[in-house]
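Each residue takes its place number in the sequence, starting with 1. These figures come from a predicted structure and were not determined experimentally. Note that ligands are numbered from 1 as they come in the structure, with each ligand's atoms numbered from 1 the same way.
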Amino acid sequence: MKAEEAISRLAVHFRIHDDGRPTPFLDEAVAVAMVALTKQIPKKPLLINGRMKCPNCMKNDRSLGYYCDCCGQPIDWSDA
Ligand SMILES: [Zn+2]
């Protein structure tokens, strides 16, 4: 299962439990998991002033590879 699918399924959790039932214990865990999964999805680098920047932290313009050395953001070079 890819991170995108897992995030989609976890988002259903909030829709299912949006009926007023108290589930704060599980809601917090699901929210943390969704944030962690979102950080695993590769993002395209940003071209700013002729330099490639990490789309997450905007740093690491010289040695940007498949992962940002500063924040660990996976970089998607598929269309670059
Ligand atoms: Zn970064």
If you round to the nearest 0.5 Å, how far is SG of Cys54 from NZ of Lys59? 10.0 Å

For the Zn ion (ligand 1), report each protein N, O or S atom nearer than 2.8 Å, sorted by chain and then by residue number. Cys54 SG, Cys57 SG, Cys68 SG, Cys71 SG

Taking atom CD of Glu28 as the centre, does the number of heavy atoms from other residues, nucleotides or ligands within less than 6.0 Å exceed 12? no

Supply the atom-to-atom distance Cys70 SG to Lys53 NZ, rounded to the nearest 0.5 angstrom. 10.0 Å

Salt bridge check, Asp76 against Lys43: does any charged N sit closer than 4.0 Å to a carboxylate O? no

Rounded distance (nearest 0.5 Å) linking atom CG of Leu37 with atom CZ of Arg9: 12.0 Å

Thr38/Gln40 under side chain to side chain contact (heavy atoms under 4.5 Å, CB included): CA gap, chis, key distance, verdict: CA-CA 5 Å; Thr38 300; Gln40 292 182 10; over 6 Å; no

